[in-house]
Amino acid sequence: MSKDRYDIYDDYGEDNRRSRDKSSSKGRRGKKQKKKRSLKAKFFMVLTLVLFVYCVGALGYFGYQYYIEDSTVANADSKYENTGGILQNLIKPKLKERTVFAVFGTDEEGTRTDTIMVCCYNQPLDELTIISVPRDTLVEVSPEAFNLMQEEFPEPGQRGMKINAIYHYGAEKYGIPLLKEELEEMIGVPIDYYCKVNFDAFNYLIDAIGGIEYDVPMRMYYQDPAQDLSIDLQPGLQLLNGEQAEGLVRFRYGYENADIGRVATQQDFVKELLKQLVNKDTFFKNASAYLKTFFKYVETDVKLTDAVKYMSVVKDFNTDNIYTYTMPGEVGSLYGISGGWIINETEADALCYDVFQKPVSEIEAERAAEAASGDGTAATAPTYDDKTLTIQVLNGGYTNGMASAVQTELLNAGYNVTSIGTYTGEKTNNTRIYVSTDGMGKEVQQLFTGSEIIVDNTVASDHDIVIVIGIDEE
């Protein structure tokens with residue numbers, strides 16, 4: 001990172017920081033397996049994205065109204081009114097081919113970034129890709145960054161640390177620039193914008209938009225006065241307010257596997273949250289709530305003029321075009337720190353190239369070939385890295401707990417299992433691997449003897465791969 005980018009370093013060259021040998025680089029890009037992230041951190045992963053995209057969009061409305069209509073309103077509430085007409089009439093501007101932004105979700109104390117996402121909006125493809133960097137990713141900061149951290153805190157005794165500690169040690173003065181620099185080296189391209197969100201935004205936003213409708217999977221009851229936590233939910237479809245939604249995602253009892261079951265419920269809730277927030281009627285109706293949330297809870301370097309440009313993207317974006325990944329890697333120990341996430345250099349480089357640098361023309365050509373393959377006009381289909389795809393595991397046998405057990409094995413092997421459940425269709429002896437696109441599932445198939453791959457995007461509609469466990473797996 002050059003001096004004029006952040007103006008926080010003493011003179012030192014670009015080569016000094018970037019020319020560390022490969023073995024050291026492997027340590028820098030440490031990363032943890034589909035680890036059990038804290039509940040709040042995992043929920044932040046999507047919540048902060050929603051806040052960034054939609055609240056920045058609402059802020060775009062404010063900028064548009066201020067600069068174009070020159071409206072001056074003294075009352076804080078009245079300046080958020082009558083948003084729908086302006087939002088509907090925004091014209092889609094010409095944007096950069098790719099816009100890269102980082103989303104940081106802080107813990108309750110606001111001292112550590114327990115959620116870190118690097119997002120890329122590809123304008124020609126109208127797609128948003130989100131790469132989650134686990135908070136326990138092990139990195140080795142540069143000597144210059146380390147010196148700046150020690151100006152604020154004498155605590156870090158070594159340059160090797162978990163990535164979520166960078167913001168803590170850098171504090172308000174250096175935290176964000178140092179974290180951005182680390183991420184930029186990790187992904188290989190500059191970050192255009194950042195957004196930092198406090199967890200309090202969760203309850204506030206859900207209450208502000210009138211709650212989220214969700215089908216609670218089971219009876220949830222837990223009281224803990226010490227944590228000021230009171231969970232009391234009945235099963236079934238209902239409208240949850242902010243406090244109830246927080247209880248839903250924090251509840252951990254009654255699942256066959258406490259952590260995995262809780263994460264599965266949380267992920268399902270996040271999907272429903274996105275659907276309801278992305279709904280255009282909801283967005284236009286609640287633009288003032290997004291705007292107020294933005295000003296109260298969000299810190300960002302997005303300028304009003306930039307926000308206006310992206311407003312039309314927000315209002316027209318199709319959520320089917322959101323793709324999520326986790327930085328490839330595995331659980332391990334480094335720098336004397338155990339249980340961290342060690343990044344797989346080869347896989348990470350490939351993923352980051354595909355997302356941030358691969359020519360759009362090349363992507364479109366590959367997709368055209370895939371489509372042709374589906375029609376039988378191409379000889380072979382491309383092979384995918386299954387660890388970068390979303391996977392659902394369904395229990396298609398008779399033994400309870402098989403979906404959770406298989407999910408645990410796949411997570412430990414580095415796969416992105418985002419959901420589990422029970423298969424209600426025909427039971428078979430062999431495991432079936434449903435994929436949305438030909439070429440997927442070949443790697444994961446090797447883990448299930450006698451399994452078959454079936455290309456069926458009606459089954460694999462919400463996930464890239466759906467694994468239906470066969471009776472023989474028991």
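Quantities reported herein were computed from a predicted structural model and do not represent experimental measurements. Along the sequence shown, residues are numbered consecutively beginning with 1.
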**Message:** Applying side chain to side chain contact (heavy atoms under 4.5 Å, CB included), can you list everything that pairs with Glu347, at least two apart in sequence or on another chain?
**Reply:** Pro328, Asn344, Asp385, Lys387

**Item:** Donor-acceptor contact below 3.5 Å, side chain Ser451 vs main chain Phe448
**Value:** yes

**Asked** Can you check whether Ser333's main-chain N or O pairs, donor with acceptor, with Ser338's side chain at less than 3.5 Å?
**Response** no

**Prompt:** Does Asn429 reach the main-chain N or O of Ile471 with its side chain, forming a donor-acceptor pair under 3.5 Å?
**Reply:** no

**NZ/NE/NH1/NH2 to OD/OE distance under 4.0 Å, Arg98 and Asp192** = no

**Message:** For the CD atom on Glu362, are there more than 12 heavy atoms of other groups (residues, nucleotides or ligands in this structure) within a distance under 6.0 Å?
**Reply:** yes

**Item:** Distance, nearest 0.5 Å, that separates CG of Leu351 from OG1 of Thr346
**Value:** 12.5 Å

**Message:** With a 3.5 Å distance limit and no angle check, can you tell me whether Asn395 reaches the backbone of Thr399 through a side-chain donor-acceptor pair?
**Reply:** yes

**Asked** So, for Val216 and Gln238, which heavy atoms are closest and what is the spacing to 0.1 Å?
**Response** CG2-NE2, 3.4 Å

**Item:** From CG (Asn321) to CG (Leu128), nearest 0.5 Å
**Value:** 9.5 Å

**Complete:** Nearest heavy-atom approach of Tyr353 to Pro359 is OH-CD, 3.6 Å

**Item:** Ile130 vs Val103, side-chain contact (heavy atoms from CB on, under 4.5 Å): CA-CA, chis, key distance, verdict
**Value:** CA-CA 10 Å; Ile130 307 166; Val103 180; over 6 Å; no

**Message:** Evaluate Thr428 against Asp472 for side-chain contact (heavy atoms from CB on, under 4.5 Å), listing each step before the verdict.
**Reply:** CA-CA 8 Å; Thr428 60; Asp472 289 345; over 6 Å; no

**Asked** Could Glu182 and Lys162 be called an ion pair, given the rule that one side-chain N must be under 4.0 Å from one carboxylate O?
**Response** no

**Message:** Treating Thr129 as the side-chain partner and Tyr323 as the backbone partner, does any N or O pair qualify as donor plus acceptor under 3.5 Å?
**Reply:** no

**Request:** Any chance you could measure Lys358, atom NZ, to Ile363, atom CD1, to the nearest 0.5 Å?
**Result:** 6.5 Å

**Complete:** Minimal heavy-atom distance between Gln445 and Ile433, with the atoms involved, is CA-CD1, 3.5 Å

**Residues Asp301 and Lys180 bridged, charged N to O under 4.0 Å** = yes

**Message:** Set out, in order, the CA-CA distance, both residues' side-chain angles and the distance that settles side-chain contact (heavy atoms from CB on, under 4.5 Å) for Glu364 and Leu125, then state yes or no.
**Reply:** CA-CA 9 Å; Glu364 292 174 330; Leu125 299 178; 3.8 Å; yes

**Message:** side-chain contact (heavy atoms from CB on, under 4.5 Å) for Asn241 and Ile206? Distances and angles first, verdict last.
**Reply:** CA-CA 6 Å; Asn241 61 28; Ile206 290 179; 5.5 Å; no

**Request:** Could you tell me whether the side chains of Asn164 and Thr113 share a donor-acceptor contact shorter than 3.5 Å?
**Result:** no

**Request:** For the pair Asp386 (side chain) and Glu443 (backbone), establish whether a donor and an acceptor sit closer than 3.5 Å, ignoring hydrogens and angles.
**Result:** yes

**Message:** I need the minimum non-hydrogen distance between Val298 and Cys195, along with the two atoms involved.
**Reply:** CG1-SG, 3.4 Å

**Message:** Would you say Glu370 and Tyr384 are linked by a side-chain donor-acceptor pair, where the criterion is simply a distance under 3.5 Å?
**Reply:** yes

**Complete:** Shortest non-hydrogen pair, Tyr194 vs Thr300, comes out as O-OG1, 2.6 Å

**Qualifying residues under side chain to side chain contact (heavy atoms under 4.5 Å, CB included), relative to Leu447, sequence neighbours excluded** = Leu410, Tyr415, Val444

**Message:** Could you tell me if Asp126 and Tyr121 have a donor-acceptor pair between their side chains, going purely by distance under 3.5 Å?
**Reply:** yes

**Polar side-chain atom of Asn122 near backbone of Glu127 as donor-acceptor pair, under 3.5 Å** = no

**Euclidean distance, Ile453 CD1 relative to Thr431 OG1, rounded to 0.5 Å** = 12.0 Å

**Nearest-0.5 Å distance, CD of residue Glu473 to CD1 of residue Ile467** = 9.5 Å

**Message:** I need the Ile187 CD1 to Asp349 CG distance, nearest 0.5 Å.
**Reply:** 12.0 Å

**Asked** Any donor-acceptor pair under 3.5 Å linking the side chain of Lys427 with the backbone of Gly397?
**Response** yes

